[in-house]
S.K.: 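I'd like to ask you about the structure that follows.
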Amino acid sequence: MDLSTTIAGVHFPTCLMNASGARCVTEHDLHKLGNSHAGAIVTKSMTPHERSGNPEPRYVSFDGGSINSMGLPNLGYQAYAQLIPDLRQYKKPVVASIAGLKPADFLEAVKAINVAKPDLMEINLSCPNIPGKPQIGYDFQASEELLMKIRDLAVPPIGVKLPPYFDPVHHEAMAEVLTRVGVSFISVINSVGNGLVLDAETETVVIKPKGGFGGLGGRIIKPVALANVRAFWKLVGEKIQIIGTGGVETGQDIFEHLLCGASAVQIGTVLVDEDVKVFERLKHELAGWLRKKGYDSVAECRGKLKAL
Ligand code: RRO
């Protein structure tokens, strides 16, 4: 069974990788991903300076998903620029995730990370957890201005990590921006921002930052993730490849993302729950699903979802 995929001309040995943020902050985390069955190594979103992130507790998993308000804890782009060349030993793509608190932060990181030669850059326009900083991806004009500048600076192909959209008008507006910029891939979706999870027994919120509001991930967000993959596939699937993220717990979930139009899939909540051994399980489960449905490869079933 061929579980490989190609995104922006870069070959991935399997179509499964970590979602940025999940077990990918430290040097140890990144080498563990290298030694695992993951098909790529995606870094934590990086900022100009090292950040310790928001106060704890800031990540809680519950039956059906997770809520987080990590607040961009990361080593700073200089540390990742030093680490990335060493990660190339694993013979799988290295994807540098770039973030920032203001537009100049992104440009600074892109310039520095160019030198480290990652295979791809994923520009994170959708962190929901920085108090006072709205998600750039919900401001179409600001997204276009920033992406145009990044496009002109970045050496590797760039993709964009988007927040979920809930109205076709917004999918269309973002699709037009991405077409004008000419990005190579889209990762959808980031966590569903500003959800609220409670503990009814103690009558409290479960995470500390932002009064308990945080990004939702895991099984509960799968329908939103699939809808965003499908919507962008229909709008730009011919020109821009899609990495599906959100609600992947099983091989069936991966198969569903592929049917909607994803070329690859990222794993967040279950990677945090099960650690890197999850990739081997998911590989076997996906191969089982493809075999059962009569497909020989990821490419063959991509986008094949039927309408009624
Ligand atoms: O670090 C975070 O709080 C975080 C980020 Br940058 C993101 O893009 N998505 C998310 O759920 N958490």
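Counting starts at 1 for both ligands and their atoms, in listed order.
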S.K.: Counting from 1, what ligand 1 atoms have a heavy atom of Asn68 closer than 4.0 Å?
M.R.: 2 (C), 3 (O), 4 (C), 10 (C), 11 (O), 12 (N)

S.K.: Considering only protein heavy atoms, which is closest to atom 6 (Br) of ligand 1, and at what distance to one decimal place?
M.R.: Cys127 SG, 3.3 Å

S.K.: Using a 4.0 Å cutoff against the non-hydrogen atoms of Leu72, which atoms of ligand 1 qualify?
M.R.: 1 (O), 2 (C), 3 (O), 6 (Br)

S.K.: One thing to verify: whether Asp29 and Lys32 come together as a salt bridge, which I'm taking to mean a side-chain N less than 4.0 angstrom from a carboxylate O.
M.R.: no

S.K.: Considering the heavy atoms of Met70, write down every atom of ligand 1 situated less than 4.0 Å from one of them.
M.R.: 1 (O), 2 (C), 3 (O)

S.K.: Would you kindly specify which portion of Lys44 sits under 4.0 Å from ligand 1, judged on non-hydrogen atoms: side chain, backbone, both or neither?
M.R.: side chain

S.K.: Of all the heavy atoms in Gly215, does at least one lie under 4.0 Å from an atom in ligand 1?
M.R.: no

S.K.: Scan Phe166, Phe140, Trp233, Phe232 and name whichever one has a ring-ring contact (aromatic ring centres under 6.0 Å, His included) with His171.
M.R.: Phe232

S.K.: Pick whichever of Ser20, Ala22, Gly71 has a heavy atom sitting closest to atom 3 (O) of ligand 1.
M.R.: Gly71

S.K.: For the pair Arg219 and Asp63, find out whether any cationic side-chain nitrogen is under 4.0 Å from an anionic carboxylate oxygen.
M.R.: yes

S.K.: Decide whether an N or O pair under 3.5 Å exists between Ser126 and ligand 1.
M.R.: no

S.K.: Among Val181, Val183, Val160, exactly one meets side chain to side chain contact (heavy atoms under 4.5 Å, CB included) together with Ile240. Which residue is that?
M.R.: Val183

S.K.: Taking ring pair (Phe, Tyr, Trp, His ring centres under 6.0 Å) as the cut-off, I'd like each qualifying pair that reaches into residues 82-131, sequence neighbours left out, listed once.
M.R.: His31-Tyr90

S.K.: May I ask you to test the Thr43-Cys24 pair for a side-chain heavy-atom distance under 4.5 Å?
M.R.: no

S.K.: Under 4.0 Å from any heavy atom of Asn124, which atoms of ligand 1 are there?
M.R.: 6 (Br), 7 (C), 8 (O)

S.K.: So is Pro128 in contact with ligand 1, going by heavy-atom distances below 4.0 Å?
M.R.: yes

S.K.: May I ask you to decide if Arg23's main-chain N or O and Asn18's side chain share a donor-acceptor pair within less than 3.5 Å?
M.R.: no

S.K.: Specify side chain, backbone, both or neither for Asn190, according to which of its non-hydrogen atoms lie closer than 4.0 Å to ligand 1.
M.R.: side chain

S.K.: Sort out for me which residue in Val155, Val95, Asn114, Leu153 forms a side chain to side chain contact (heavy atoms under 4.5 Å, CB included) with Met121.
M.R.: Asn114

